[in-house]
Participant: 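Below you will find the structure I want to go over with you.
Nothing here was measured: the structure is a model prediction, and the numbers come from that model.
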Number of protein chains: 2
Amino acid sequence: MAVAYFPCIQSARVTPRVSCFFSVGNYSRSHYKRRCCLVLASAKKLEDNFGLESKVETLLDSIKWDEKGLAVAIAQNVDTGAILMQGFVNRDALATTISSRKATFYSRSRSTLWTKGETSNNFINVHDIFLDCDHDSIIYLGKPDGPTCHTGSETCYYTSVTDLLDDQQAEENKLALTTLYSLESTISQRKAELAAPQNGKPSWTKRLLLDKNLLCSKIREEADELCRTLEENENKSRTASEMGDVLYHALVLLALKDVKTEDVLEVLRQRFSQSGIEEKKSRKSHS
Amino acid sequence: MAVAYFPCIQSARVTPRVSCFFSVGNYSRSHYKRRCCLVLASAKKLEDNFGLESKVETLLDSIKWDEKGLAVAIAQNVDTGAILMQGFVNRDALATTISSRKATFYSRSRSTLWTKGETSNNFINVHDIFLDCDHDSIIYLGKPDGPTCHTGSETCYYTSVTDLLDDQQAEENKLALTTLYSLESTISQRKAELAAPQNGKPSWTKRLLLDKNLLCSKIREEADELCRTLEENENKSRTASEMGDVLYHALVLLALKDVKTEDVLEVLRQRFSQSGIEEKKSRKSHS
């Protein structure tokens with residue numbers, strides 16, 4: 001495991017205890033200084049790596065591995081929260097994920113480590129790892145490079161039990177979507193349905209999709225109503241309801257522009273993972 | 001398992017094959033009709049239940065149980081996407097969850113079924129269940145009644161590996177938050193920091209929190225800019241960026257009003273799980 005760990009960890013604040021005891025000899029003062037600094041830096045890096053390896057070992061020791069030396073690992077999309085897949089990890093698989101930042105598992109059927117994406121290139125880039133209260137279940141919180149499931153589906157969870165029990169001919173590929181993405185998916189379906197001839201009065205969503213002026217006037221109106229819940233000191237449920245209206249209408253606009261909610265969240269994540277100063281600098285100036 | 005299944009499943013379209021062959025005797029025609037209908041209804045219910053039980057059995061047969069008869073079950077918040085906890089299920093635990101709609105697991109240490117919340121009352125109300133592509137991993141997509149972890153934490157995943165490796169004194173209780181909730185949490189922290197004396201220039205978030213007029217003018221401005229990306233046919237990345245601005249500023253308003261993003265999503269879920277007609281009726285009329 002002599003590999004680079006998380007960049008944030010590489011900056012571990014370990015004071016180097018190695019002093020620069022080279023004799024100066026023929027070297028100029030600046031050359032000496034430069035070389036001395038390089039040696040110090042390498043020594044510090046070695047010591048940091050050593051300290052880090054020892055921390056990783058302590059962490060691995062703290063996991064409650066089952067009788068086969070395994071724990072459950074769940075890969076979750078850092079932006080959408082979608083559960084991408086679930087596998088098992090042993091000590092080596094978790095250590096490899098910590099060092100490579102690519103979600104790595106232990107295959108129980110093949111008795112080998114495998115990194116998701118090693119054949120498909122659809123890696124899951126791990127941003128952080130979380131342990132549960134019992135230290136026997138792990139979340140890989142990360143960003144997938146592409147669909148996670150070997151079937152080409154975005155996640156492995158596309159079979160709804162309700163659908164299966166309600167109707168034998170239930171459609172497959174109904175992803176386990178949480179509220180925001182379920183709504184996004186519904187709006188997307190309405191947009192797709194517009195291609196077919198319309199019977200009867202169109203739904204509100206379809207009317208918005210067909211009429212940009214109506215949609216934009218609603219977005220401005222709902223944003224105004226949201227503000228007024230603060231300005232006029234309205235109750236919390238009114239704020240939640242108005243924010244719901246803003247979100248819904250804005251999602252219709254995103255659908256029209258073919259922009260995914262996930263893309264918006266990625267923008268926000270990148271913006272807010274910068275330091276305050278960087279964020280301020282990069283923020284466009286509004287007059 | 002002679003219990004109520006999902007309401008949507010109870011309406012299973014099974015045609016009753018039992019005819020009403022009672023003799024009329026002394027009963028009035030209306031009494032006869034009423035009784036006949038009751039018998040028909042009971043017969044239909046029995047047959048529906050029988051059909052459903054058989055479907056549940058088929059479903060349970062389709063799960064790839066491990067050598068101990070277990071599969072992994074992950075409970076996920078239907079609104080926020082937060083992974084609440086992970087446990088194992090056997091055949092009975094999954095059948096119980098299907099019938100009771102309360103997340104139920106099999107305790108490997110106590111060798112018994114247990115329903116999350118049976119002692120704490122913090123049940124997880126299951127809205128749907130999803131199987132993965134291999135049928136050996138399950139998502140309980142549901143709404144928790146309260147904190148899921150026995151420690152009182154909202155979820156069981158509050159130990160960040162990055163924190164552990166970066167600094168031995170890393171704070172615990174840093175939940176595994178996805179982008180939207182991570183941003184919400186940061187804004188919440190900024191709001192809490194306002195109670196302490198402020199040194200130097202406040203951050204943009206703090207300025208917004210301190211100045212309702214500034215905040216509301218920004219929300220209206222960002223909503224307008226989002227609309228203009230549609231009206232003026234700007235590119236997709238511009239739309240994503242402006243939507244990010246809308247979301248961020250709206251989250252600041254929610255923080256000021258002590259409204260959680262989860263509450264907003266619950267409003268949206270309830271609104272969109274109604275039929276189109278109900279939704280239209282309940283939608284407030286905007287002039």
Side-chain angles (χ1 to χ4, degrees), chain A residues 6 8-9 55 59 72 74 76 78-79 81 83 86 128-133 137 139 141 149 151 156-157 159-162 164-166 176 178-180 183 203 212 216 219-220 223-224 227 230-231 236 239-241 243-244 246 250 253-254 256-259 263-265 267-269 272 276, chain B residues 6 8-9 55 59 72 74 76 78-79 81 83 86 128-133 137 139 141 149 151 156-157 159-162 164-166 176 178-180 183 203 212 216 219-220 223-224 227 230-231 236 239-241 243-244 246 250 253-254 256-259 263-265 267-269 272 276:
Chain A
F6 288 98
C8 52
I9 298 163
K55 280 183 187 176
L59 168 79
V72 166
I74 305 158
Q76 185 180 28
V78 65
D79 287 326
I83 298 176
Q86 176 262 312
D128 203 350
I129 298 171
F130 286 84
L131 310 180
D132 79 340
C133 49
S137 182
I139 295 178
L141 198 60
C149 189
T151 60
C156 293
Y157 299 87
T159 307
S160 154
V161 166
T162 303
L164 282 180
L165 297 182
D166 195 25
T178 51
T179 298
L180 196 61
L183 177 55
S203 68
K212 287 182 189 181
C216 288
I219 290 175
R220 289 183 174 100
D224 177 68
C227 290
L230 179 66
E231 292 163 338
K236 288 164 69 164
T239 302
S241 172
M243 180 63 189
V246 169
L253 186 145
L254 293 188
L256 266 180
K257 294 285 291 181
D258 279 323
V259 173
D263 301 335
V264 176
L265 293 172
V267 165
L268 278 177
R269 176 167 47 79
F272 288 92
Chain B
F6 289 100
C8 53
I9 298 162
K55 280 184 188 176
L59 168 79
V72 166
I74 304 158
Q76 187 180 27
V78 64
D79 287 325
I83 297 176
Q86 176 262 312
D128 202 351
I129 298 171
F130 286 84
L131 310 180
D132 79 340
C133 49
S137 182
I139 295 177
L141 198 59
C149 190
T151 61
C156 293
Y157 299 88
T159 306
S160 153
V161 165
T162 304
L164 282 181
L165 296 182
D166 195 26
T178 51
T179 298
L180 195 60
L183 177 54
S203 69
K212 288 182 187 180
C216 289
I219 290 175
R220 290 183 174 100
D224 177 68
C227 291
L230 179 66
E231 292 163 337
K236 287 163 69 164
T239 302
S241 171
M243 180 62 187
V246 170
L253 186 145
L254 293 188
L256 266 180
K257 293 285 291 180
D258 279 323
V259 172
D263 301 335
V264 175
L265 293 172
V267 165
L268 278 176
R269 175 166 48 79
F272 288 93

Participant: Does the pair B:Val72 and A:Ile74 meet the rule for a side-chain contact (heavy atoms from CB on, under 4.5 Å), with working shown?
Facilitator: CA-CA 10 Å; B:Val72 166; A:Ile74 305 158; 5.9 Å; no

Participant: So how far is it from A:Thr178 OG1 to B:Arg269 CZ, rounded to the nearest 0.5 Å?
Facilitator: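 Rounded to the nearest 0.5 Å, the OG1-CZ separation comes to 10.5 Å.
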
Participant: Counting N and O atoms only, with roles assigned by atom type, does the side chain of A:Lys257 sit under 3.5 Å from a partner on the main chain of B:Lys236, one being a donor and the other an acceptor?
Facilitator: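 Pair absent, no side-chain N/O of A:Lys257 close to backbone of B:Lys236.
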
Participant: Between A:Val246 and B:Ile219, is any pair of side-chain heavy atoms under 4.5 Å apart?
Facilitator: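 No, their side chains stay 4.5 Å or more apart.
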
Participant: Need one label for B:Val264: side chain, backbone, both or neither, based on atoms under 4.5 Å from any heavy atom in chain A.
Facilitator: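 Contact with chain A: backbone and side chain both.
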
Participant: Can you tell me which of B:Val267, B:Ile139, B:Thr239 forms the most heavy-atom pairs within a distance under 4.5 Å of chain A?
Facilitator: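 Looking at each of B:Val267, B:Ile139, B:Thr239 in turn, B:Ile139 comes out on top.
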
Participant: I'd like to know if the side chain of B:Thr179 reaches the main chain of A:Val78, judged simply by a donor and an acceptor atom lying under 3.5 Å from each other, with no hydrogens or angles considered.
Facilitator: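 Pair found, side chain donor or acceptor close to backbone of A:Val78.
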
Participant: Is B:Met243 close to A:Val259 at the side-chain level, that is, under 4.5 Å between some pair of heavy atoms?
Facilitator: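 A side-chain contact under 4.5 Å is absent here.
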
Participant: Taking the side chain from B:Gln76 and the backbone from A:Gly81, do they hold a donor-acceptor pair closer than 3.5 Å?
Facilitator: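 Flag set: sc B:Gln76 to bb A:Gly81 pair under 3.5 Å.
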
Participant: How many angstroms lie between SG in A:Cys156 and CG in B:Leu131, if you round to the nearest 0.5 Å?
Facilitator: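 Here the rounded value is 12.0 Å.
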
Participant: Whether the side chain of A:Asp128 engages the backbone of B:Thr162 through a donor-acceptor N/O pair (distance < 3.5 Å, no angle test) should be reported.
Facilitator: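 Answer holds: yes.
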
Participant: At a 4.5 Å cut-off on heavy atoms, which part of B:Leu256 comes close to chain A: side chain, backbone, both, or neither?
Facilitator: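 For B:Leu256, the contact with chain A is made by the side chain alone.
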
Participant: Quick one: what part of B:Ile83 sits under 4.5 Å from any heavy atom of chain A, side chain, backbone, both or neither?
Facilitator: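 Interface part for B:Ile83: both.
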
Participant: Would A:Arg220 and B:Asp224 satisfy side-chain contact (heavy atoms from CB on, under 4.5 Å), going step by step from the backbone distance to the final call?
Facilitator: CA-CA 6 Å; A:Arg220 289 183 174 100; B:Asp224 177 68; 2.8 Å; yes

Participant: Measuring heavy-atom distances to chain A, does B:Leu265 have an atom under 4.5 Å in its side chain, in its backbone, in both, or in neither?
Facilitator: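 Both parts, backbone and side chain.
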
Participant: For B:Leu183, which atoms come within 4.5 Å of any heavy atom of chain A: side chain, backbone, both, or neither?
Facilitator: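 For B:Leu183, the side chain is the part near chain A, not the backbone.
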
Participant: With distance as the sole test, does A:Thr159 use its side chain to make a donor-acceptor pair with the main-chain N or O of B:Cys133 at under 3.5 Å?
Facilitator: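 Not a single qualifying donor-acceptor pair exists.
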
Participant: If every non-hydrogen atom of B:Cys216 is compared with every non-hydrogen atom of A:Leu230, which pair is closest and at what distance?
Facilitator: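 Closest heavy-atom pair between B:Cys216 and A:Leu230: SG-CD2, 3.9 Å.
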
Participant: Identify which part of B:Leu141 has an atom lying under 4.5 Å from any heavy atom of chain A, answering side chain, backbone, both or neither.
Facilitator: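 Looking at B:Leu141, just its side chain touches chain A.
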
